[in-house]
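Note that the numbering runs from 1 along the sequence shown for the chain.
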Amino acid sequence: MTIKPLLVFDLDGTLAETAGDLIGTLNVILEREGVAPLPLAQARFMLGAGARALIQRGFAAVGRAVEGERLESLFHDFIAHYESRIAQESHLFPGVAASLDRFAAAGWDFAVCTNKMEHASVKLLNALGAADRFRAICGQDTFAVCKPHKEALLGTIAKAGGDPARAVMVGDSRTDIDAARNAGVPVVAGDFGYTDRPVGEFAPDAVISHFDDLWDAVVALPLRA
């Protein structure tokens with residue numbers, strides 16, 4: 001049986017614009033700790049490495065460090081509050097649905113590999129009406145490691161029934177690009193996501209500015225038949 005080609009997507013900043021809900025939750029945590037809320041435009045670049053890293057970056061912005069048991073306590077508070085408002089402001093990026101339709105018609109399967117927790121990832125994609133499009137939705141806690149470790153991506157590909165030789169990673173950050181490189185998988189990066197440096201600086205195989213461009217970027221990549 002021929003294995004279908006597979007597109008593996010990052011979630012936050014790639015498939016969905018989630019900054020409003022994530023930074024809104026971060027600001028709730030910061031305010032509880034006596035820290036002034038961060039403007040969305042300033043905090044957006046802090047996203048992409050998971051909730052623990054976001055909390056640490058939020059506190060670091062005001063010269064405070066948080067780690068150990070305190071970080072874990074704040075992390076659990078963050079997740080509880082975030083999941084209560086998971087799609088108040090979040091939405092799929094323009095062109096996502098049409099792009100998935102085009103690839104599906106051409107015989108592609110889809111998966112998600114994110115550093116968001118798996119439960120929250122599934123909940124968000126369900127809220128956005130897209131969860132059933134993906135053969136696997138894998139998060140920070142799905143495997144023993146997370147991106148940029150290669151096994152996070154390779155594990156996602158395996159769980160989706162794919163083959164690394166016929167897979168493409170689609171992301172928005174250095175974390176995604178490094179994960180793909182470590183796994184030996186080509187990678188397309190969107191320049192509309194969450195990164196503090198232009199994503200092209202990290203040398204993905206292609207950069208797109210809209211999901212309308214994804215088809216041409218992917219079909220130009222050398223995949224094994």
Roughly how far apart are [X] [atom1] and [Y] [atom2], rounded to 0.5 Å?
X	Y	atom1	atom2	value
L15	L125	CG	CG	7.0 Å
L30	R64	CG	CZ	8.5 Å
T25	D77	OG1	CG	11.5 Å
N27	L22	CG	CG	11.0 Å
F143	H149	CZ	NE2	12.0 Å
L100	F110	CG	CZ	4.5 Å

Assess whether atom [atom1] of [X] is packed by more than 12 heavy atoms of other residues, nucleotides or ligands within 6.0 Å.
X	atom1	result
K150	NZ	no
Q42	CD	yes
E33	CD	yes

Minimum-distance pair of heavy atoms, taken over all atoms of [X] and [Y]:
X	Y	result
A180	M169	CB-CB, 3.9 Å
A87	L124	CB-CD1, 4.2 Å
D176	V187	O-CG2, 4.4 Å
F59	V66	CD1-CG1, 3.8 Å
H210	P94	CE1-O, 3.5 Å
D12	D172	O-OD1, 3.5 Å

If hydrophobic clusters are built from ILVMFWY residues whose side chains come within less than 4.5 Å, do I157 and V218 share one?
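In one cluster: no.
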
Would you say [X]'s side chain and [Y]'s backbone share a donor-acceptor pair under 3.5 angstrom?
X	Y	value
N115	C146	no
E17	A19	yes
S99	V96	no
D21	E89	yes

Could you tell me whether the side chain of D205 reaches within less than 4.5 Å of the side chain of L221, counting heavy atoms only?
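SC-SC contact between L221 and D205 confirmed.
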
Flag the pair K147 and D10 as a salt bridge only when some basic side-chain nitrogen lies within less than 4.0 angstrom of an acidic carboxylate oxygen.
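Salt bridge: yes.
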
Salt bridge (charged side-chain N to carboxylate O under 4.0 Å, His left out), that's the test. Do D109 and R166 meet it? Break it down for me.
CA-CA 11 Å; D109 280 336; R166 305 200 71 209; over 6 Å; no

Result of checking N126, T142, T114 against S121 for side-chain contact (heavy atoms from CB on, under 4.5 Å)
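Option passing the side-chain contact (heavy atoms from CB on, under 4.5 Å) with S121: T114.
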
Just checking, any donor-acceptor pair under 3.5 angstrom between side chains of K116 and Y82?
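Indeed, the side chains of K116 and Y82 share at least one donor-acceptor pair under 3.5 Å.
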
Cation-pi check, R52 onto F75 ring (under 6.0 Å, within 45° of axis):
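Relative to the ring axis of F75, which defines the angle, R52 lies inside both limits.
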
Is the ring centre of F192 less than 6.0 Å from the ring centre of F93?
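Ring centroids of F192 and F93 are less than 6.0 Å from each other.
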
Evaluate side chain to side chain contact (heavy atoms under 4.5 Å, CB included) for V188 paired with V207, printing each intermediate quantity in order.
CA-CA 6 Å; V188 176; V207 177; over 6 Å; no

Sort out for me which residue in F9, F103, F134 forms a ring pair (Phe, Tyr, Trp, His ring centres under 6.0 Å) with W108.
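In the set F9, F103, F134, the residue that makes a ring pair (Phe, Tyr, Trp, His ring centres under 6.0 Å) with W108 is F103.
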
